[in-house]
Amino acid sequence: MEIRTRFAPSPTGYMHIGNLRTALYEYLIAKSEGGKFILRIEDTDQGRLVEGATDVIYNTLKMTGLQHDEGPDVGGPYGPYVQSERMGMYMDYAKELVAKGEAYYCFCTKERLDSLKESNEEGVAFAKYDRHCLGLSAEEVEAKLEAGEPFVIRQKMPDAGTTTFDDVVYGAITVENKELDDQILMKADGYPTYNFANVVDDHLMHITHVVRGSEYLSSTPKYSLLYAAFGWDCPVYVHLPAVMRDAQHKLSKRHGDKSFEDLIKEGYLVDAIMNYIALLGWAPSDNTEIFTLAELEGKFHIGGLSKSPSIFDIKKLTWMNGEYMKAMDAETFFTHAEPKLKEALGEDTQMDLKYIASLLQKRLETLNDIAPLVQSFKELPEYGTELYTHKKMKTNDEIALDSLQASVPVLEAITDWTEENIHNTILDLVAAKGVKNGIIMWPIRTALSGEPTSPGGATELALILGKEESMRRIQKGIAMLTK
Ligand code: GLU
């Protein structure tokens, strides 16, 4: 049997990390077995619709490489793949259940239903429907329908006994049927509820494995009963534990937790994010931690899913992101770094961006670390002369002034401003003065950067800045130290 999973996001306008992890596991469950991964947009909650929100879904799937085999944009044999375009097809299924005695019309008014809630002694907002309309005769129902009375269609739960379903992650779960509410399948506006639509959709799309968040566990007995009522096979259920911010709280965009787009904006790499979230609730049998999506497809096994909630640890992701950047070849790293360098240094900068990138590559945790590191290339920051005093380099104001003054004529004399020529010139000066390297190099580095640390030493900074700017900064240092 071909495995078919589906990602069924509601277009909220951003990609929640928990949803992206669900998509990843759905993709992997299908792809690790040569199956199909389907995209279905669940946009029937019109109140929550956000402009451009479906594009966020398409873009995320494209960026992450979770390519769907069927979906609104790529088509497929079981469309439409947008729930709002399927609205016409549910009523007949609901009526089929009514005919089978598995569902019934309910004409209760809102006032009557509200009064049921109020009579709930515990003050719980939700109360089970009291089955007032279950007792209506076929003739009574017919008459009300003819009269045009508004109605809903409710699922008729079994009166006694239990319902059990198996979940890959949580095992067998059993509930008492008397606990189950006769939930609404079709609303008064003629549209299905989510609880009904998802079952019909999953069946019609031949979904074999329904993978979703554990918040759906409590609804699943009702879904199982619906499949049984239709005489359809139940899919394999895979409920995923929540991704947590800490031991008590779920990750939540509303409470400031980052979405996928936020992480990208903050300089995280798509591959590192995907690698990290793969580990939020799943572990490979060989305990490796770093892998590509293709490797993951080979390694993934549904049995490796865990039911303990995992905590999203930004520090771990940040570490992993740094590892990803270090491991890149220089060319690949440059494609990621270039836009950030141009953003920081200006589109038309004359600086050698490839050279700068090569200095930065091993020092970064995120791409957003680039801007602060290169800021001083663009403009010498205000700094105090105390930066010239360095214990280990054995420098102080006086020594620094002497070194900078001595460096001016020899650096000025360089005609071809190359790394090698700058380096040799500085070393010649060191030799001529008979001092330690730091005595010359630290003051030059400080004058060129105006910062206590910099991504390169004297030679690298001089090369990046060019001769004219380097000399200007050294003269500025001399002027500061002379006062
Ligand atoms: N549209 C639902 C959500 O975004 C999907 C739930 C499911 O996978 O069935 O939560």
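Just so you know, ligand 1 is whichever comes first in the structure, and atom 1 is the first atom listed for that ligand.
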Just to be sure I'm reading this right: ignoring hydrogens, which of E42, R40, E215, H239 gets closest to atom 2 (C) of ligand 1? Compare them by their nearest heavy atoms.
E42
Are there more than 12 heavy atoms of other residues, nucleotides or ligands under 6.0 Å from atom CD of E2?
yes
Can we say R40 and D201 salt-bridge, meaning some charged N sits less than 4.0 Å from an Asp/Glu carboxylate O?
yes
Counting from 1 in the order shown, the ligand 1 atoms closer than 4.0 Å to a non-hydrogen atom of S10 are 1 (N), 2 (C), 3 (C), 4 (O)
Look only at interatomic distance and state if A8 has a nitrogen or oxygen under 3.5 Å from any nitrogen or oxygen of ligand 1.
yes
Ring centroids only, cut at 6.0 angstrom: are F300 and W282 within range, meaning strictly under it?
yes
Using 4.0 Å as the upper bound for N to carboxylate O, is an ion pair formed by K342 and E338?
yes
Within the structure, is a non-hydrogen atom of F7 found at a distance of less than 4.0 Å from ligand 1?
no
For ligand 1 and N19, I'd like to know whether there is a polar contact (N/O to N/O, distance under 3.5 Å).
no
Where the side chain of T288 meets the backbone of I290, is there a donor-acceptor pair that is under 3.5 Å apart?
no
N or O pair under 3.5 Å between Y216 and ligand 1
yes
